[in-house]
Number of protein chains: 2
Amino acid sequence: MMGRMSATSTPRPGRGRPARLDPERTVTVALDLLDEVGLDALTMRRLAEAMGVRAGALYRYFATKHDLLTAMAERILAEHALPAAESMASATSATSADSASVPEGPAGEWDERAAALAYALRGALLAHRDGARVYAGTHSFGPGTLGFADALVGVVREAGLDDPDAARGALAIVHFTLGHTLEEQAARGGAPDARTSPERLRAAVGSDDRHPHLRAVLPTLAAADFEAHFAFGLRLVLDGLRTHRRRL
Amino acid sequence: MMGRMSATSTPRPGRGRPARLDPERTVTVALDLLDEVGLDALTMRRLAEAMGVRAGALYRYFATKHDLLTAMAERILAEHALPAAESMASATSATSADSASVPEGPAGEWDERAAALAYALRGALLAHRDGARVYAGTHSFGPGTLGFADALVGVVREAGLDDPDAARGALAIVHFTLGHTLEEQAARGGAPDARTSPERLRAAVGSDDRHPHLRAVLPTLAAADFEAHFAFGLRLVLDGLRTHRRRL
DNA sequence: ACCTGAACACCGTTCAAGT
DNA sequence: ACCTGAACACCGTTCAAGT
């Protein structure tokens, strides 16, 4: 609530030059540019141009490009994943205070809520071009990231796991989601001229007796239905958590 | 076996200049350099220097830096993950031909073998500095990558899943392993001067009432026992596969 | 306080020319 | 056939100087 991200003096309205640059707007423009040109072409110079400023000026608010990328990752989580986490929290307290009258509240059981959070994270990473790569390359400790993580750990704890297992269960969900979205965006956003992934897989494994298993599942892999892949993998992890819970 | 990676004319021994450059050696030196300086400092010019050649010469065998990185990823899989996959395959045929006399063969049940393959993949990605990032940024279709994938899909099919589910089960294992190792290497190999991840987590969540769940699991997260995290997450996925199998 | 101009020390990639 | 030399079009980052 109070000056979390912007310890740097807030520009007083009307005093001095109207700053063309501030951290919030810089991140906003950077995310727009990311969607336009992709991570590999997102340079400090291009971003400066998009902000009507020279490249050196960006270093007043971000010490390095990596710091800017971290702020972008934080914004992505805060905008797309944190809302789901927060609606979850309010639904939780409502349910615990009034559990009988709301048989299937808006948030549902722990496993439904864990799934909703995983989907929210996937949605956040897919919301911007190369979002997963930006997220994987940085380590934000901002309110969006921490708020989401707290909610996810909370849901797993609620499932009945002890603290170490809850931490590891949440990590498993995050790591699977990260790996999945990384591959999903790599398969989609590839160079527009390059052959698409399914095509290349077909060519590599199509008529070759050395990989009989890959050949058998080729139709599924070539279909590239990433949502179905995600749903299945997530179900495996959540079923695993259920199994673990019963062993208590 | 026959000219798989090297369609480029093999240098005839003794004829002409002894080529200082060839794809195999280039990849070998590149992986050594990767371990020394890390992915961000692995440049074509540095690599050229390490090979006693000028940067432009590298482009005779690799059209782009990305192609070189793809060859590096393929080598990593071929060297560290494929052997496990192949020993698995031979154990399988031995078991199926002689299943009674080898009650617990060297390869074991499908879930033990799936776990062994997942650990082999993790080991491969951890075998080189930034190995997970190299792997995540490329898409190899070489014999190492395909051979490993084939073995993994084979094990999951053997568990009794139908083809679409087997493909998705294998993907889940790979994606979880990728996400996990990415985070593991990011947490370890961070800038040597920067504060380490656990420290920063402690600082961010240590005495703050807004993230009670994170605070509760902080000891586990700060311990950074990545092997335990991996073991737990993998068990969740494999338990999920077992559950799924029973539903047939 | 905020930004420019200009520089420093690099990049990936291309390609005529040498041997 | 294989590699050099030199260039092209960029990078991230720094910092004195301007306003």
Peer 1: Partners of A:E183 by side chain to side chain donor-acceptor pair (under 3.5 Å), sequence neighbours excluded?
Peer 2: none
Peer 1: Hey, does the side chain of B:R54 come within less than 4.0 Å of D:dC3's phosphate (OP1/OP2), counting only N and O?
Peer 2: no
Peer 1: With rounding to the nearest 0.5 Å, note down the distance linking CG in A:L152 to OG1 in A:T177.
Peer 2: 8.5 Å
Peer 1: Can you list, in residue-number order, the parts of residues 129-136 of chain A that come under 4.0 Å of DNA chain D, counting heavy atoms only?
Peer 2: none
Peer 1: With rounding to the closest Å, how many angstrom separate the C1' atoms on D:dC2 and C:dA16?
Peer 2: 14 Å
Peer 1: Mind checking ring pair (Phe, Tyr, Trp, His ring centres under 6.0 Å) for A:H80 and listing every partner two or more places apart, or none if nothing turns up?
Peer 2: A:H128
Peer 1: Taking only N/O atoms, report every protein-nucleotides 14-17 of chain C pair under 3.5 Å with atom names and distance.
Peer 2:
none

Peer 1: Over 60° means perpendicular and under 30° means parallel, so classify the ring planes of B:H180 and A:H175, tilted if in between.
Peer 2: perpendicular
Peer 1: Quick one: side chain to side chain donor-acceptor pair (under 3.5 Å) partners of A:S140, sequence neighbours excluded?
Peer 2: A:E74, A:T145
Peer 1: I'd like to know if A:E36 pairs up with A:R129 as an ion pair, taking the criterion as any Lys NZ or Arg NE/NH1/NH2 lying under 4.0 Å from an Asp or Glu carboxylate oxygen.
Peer 2: no
Peer 1: Nearest-Å distance, CG (A:D40) to P (D:dG12)?
Peer 2: 11 Å
Peer 1: Nucleotides 8-11 of chain D: which of its N/O atoms have a protein N/O under 3.5 Å away?
Peer 2:
from: D:dC11; atom 1: OP1; to: A:T43; atom 2: OG1; distance (Å): 3.4
from: D:dC11; atom 1: N4; to: A:R45; atom 2: NH2; distance (Å): 3.3

Peer 1: A:H211: which residues meet the side chain to side chain donor-acceptor pair (under 3.5 Å) condition with it, sequence neighbours left out?
Peer 2: A:D208
Peer 1: Under 3.5 Å, which donor-acceptor pairs link side chains of residues 225-234 of chain A to any protein atom two or more places apart or in another chain?
Peer 2:
from: A:D225; atom 1: OD1; to: A:A228; atom 2: N; distance (Å): 3.2

Peer 1: Could I get the full list of side chain to side chain donor-acceptor pair (under 3.5 Å) partners for B:R202, not counting sequence neighbours?
Peer 2: none
Peer 1: Going by the rule side chain to side chain contact (heavy atoms under 4.5 Å, CB included), which residues pair with B:A81 if we only count those two or more places apart in sequence or in a different chain?
Peer 2: B:L77, B:A124, B:F148
Peer 1: Rounded to the nearest Å, what distance is computed from the NE2 atom of residue B:H66 to the C1' atom of nucleotide C:dG12?
Peer 2: 14 Å
Peer 1: Rounded to whole angstroms, how far apart are CG on B:L58 and P on D:dA1?
Peer 2: 20 Å
Peer 1: Starting from C1' on D:dC3, measure out to CE on B:M51 and report it in whole angstrom.
Peer 2: 13 Å
Peer 1: Tell me whether B:R215 is salt-bridged to B:D209, with the criterion being a basic N under 4.0 Å from an acidic carboxylate O.
Peer 2: yes
Peer 1: Look up atom OH in B:Y135 and atom CG in B:L182, then write down how far apart they are to the nearest 0.5 Å.
Peer 2: 11.5 Å
Peer 1: Measuring only the C1' atom in each nucleotide, how far is C:dC8 from D:dC10? A whole number of Å is fine.
Peer 2: 15 Å
Peer 1: List the atom pairs, donor and acceptor, that lie under 3.5 Å between side-chain atoms in residues 40-57 of chain A and the rest of the protein, sequence neighbours left out.
Peer 2:
from: A:D40; atom 1: OD1; to: A:R133; atom 2: NH2; distance (Å): 2.7
from: A:T43; atom 1: OG1; to: A:R46; atom 2: N; distance (Å): 3.1
from: A:R46; atom 1: NE; to: A:A41; atom 2: O; distance (Å): 3.2

Peer 1: Considering only atom C1', compute the distance from C:dC11 to D:dA7 and round it to an integer number of Å.
Peer 2: 14 Å
Peer 1: Which stems does DNA chain C form, counting runs of 3 or more consecutive Watson-Crick or G-U wobble pairs with both distances under 3.5 Å?
Peer 2: C:4-8 with D:12-16, C:12-16 with D:4-8
